[in-house]
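Below is one structure, written out as structure tokens; the observations come after it.
These numbers were taken from a predicted model, which means no experiment stands behind them. Start at 1 with the first residue, then count along the sequence. Atoms within each ligand, like the ligands themselves, are counted from 1 in listed order. Computed from heavy atoms alone, side chains included, the values below leave out hydrogens, waters and symmetry copies.
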Amino acid sequence: MKKLIIANWKCNPITLTKAKQLFNSVKKGLQNIKNTEVVICPPFVYLEVISRLRKELKLGAQNCCWEEKGAFTGEVSPAMLKNLGCEYVVLGHSERRKYLCETDNLINQRLKAALKKGLKPVLCIDNISQIQKGLKGVAKQKVIIAYEPVWAIGTGKTPSFKQAKLFNNKIKKIMGNNAIILYGGSVNPHNVKGFIIESGFDGVLAGGASLIPKEFISIVKAVETC
Ligand code: PGA
């Protein structure tokens with residue numbers, strides 16, 4: 001099975017021109033990728049333009065509404081994302097839990113709406129209870145889990161590959177052996193192979209490194225050879 005690498009651009013970059021430059025540099029560096037599915041998750045406002053540029057790279061969003069349409073100011077629905085060519089959606093990121101006070105219950109509603117529209121949800125968690133609550137009433141085979149220890153996000157600190165493997169195994173016990181489970185938190189070209197080979201993850205979610213084309217391309221190339 002192909003490895004999965006997701007680029008979470010978060011709230012970056014600040015102009016469309018820069019977003020196009022970043023995307024085109026990444027695309028240029030990833031022309032002959034075969035064993036890896038690469039998904040770019042830009043801010044909503046850049047989705048349409050990047051959707052037209054993307055070619056074999058996949059598109060994802062960083063969140064989605066729990067309803068298809070209606071009076072939900074500031075929200076973007078799964079149907080809108082699907083219509084723009086999005087295939088994936090990141091949900092329950094720790095920054096949304098922290099700064100937007102998103103609860104497990106709300107994330108669960110968002111996830112159900114995403115599945116209903118045929119988007120592939122990537123549920124970010126840093127503990128087991130977030131899986132159980134986030135997946136309440138959901139067919140778990142269709143959900144991708146991203147294990148992101150909060151203390152590892154954007155800090156340059158990472159768990160040991162052994163620690164990460166133990167957690168990966170715990171998630172597998174809940175999700176089943178066929179589940180796609182990613183690692184996220186300070187992923188870089190030097191540590192990425194360890195998370196794949198030693199910890200057994202099916203791919204990674206990269207934040208900071210995804211904004212630097214050279215770094216992100218190196219991450220994908222390293223995973224290609226795993
Ligand atoms: P980071 O972010 O790679 O900058 O640590 C990962 C994430 O928040 O998804």
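Closest approach of Lys27 to Leu53, counting heavy atoms only: NZ-O, 2.8 Å.
A 6.0 Å sphere centred on NZ of Lys133 holds no more than 12 heavy atoms belonging to other residues, nucleotides or ligands. When the shell of 6.0 Å around CD of Glu48 is examined, it contains 12 or fewer heavy atoms from other residues, nucleotides or ligands.
Ring geometry, Phe195 versus Tyr183: the interplanar angle falls under 30°, so the pair is classed parallel (tilted spans 30 to 60°).
Judged by the shortest distance from any of its heavy atoms, Ala209 lies outside the 4.0 Å radius around the atoms of ligand 1. Using 4.0 Å as the threshold, Gly154 has a heavy atom nearer than that to some atom of ligand 1.
No side-chain donor-acceptor contact under 3.5 Å links Asn108 to the backbone of Asp104.
Protein heavy atom in closest approach to atom 2 (O) of ligand 1: Lys10 NZ, 3.3 Å. Distance from atom 9 (O) of ligand 1 to its nearest protein heavy atom, with residue and atom name: Glu148 OE2, 2.7 Å.
Contact annotation: for Ala152 versus ligand 1, heavy atoms closer than 4.0 Å belong to the backbone alone. For Asn8, every heavy-atom contact with ligand 1 shorter than 4.0 Å involves the side chain, none the backbone.
For a threshold of 3.5 Å applied to N or O pairs, the pair formed by Thr155 and ligand 1 contains no separation below that value.
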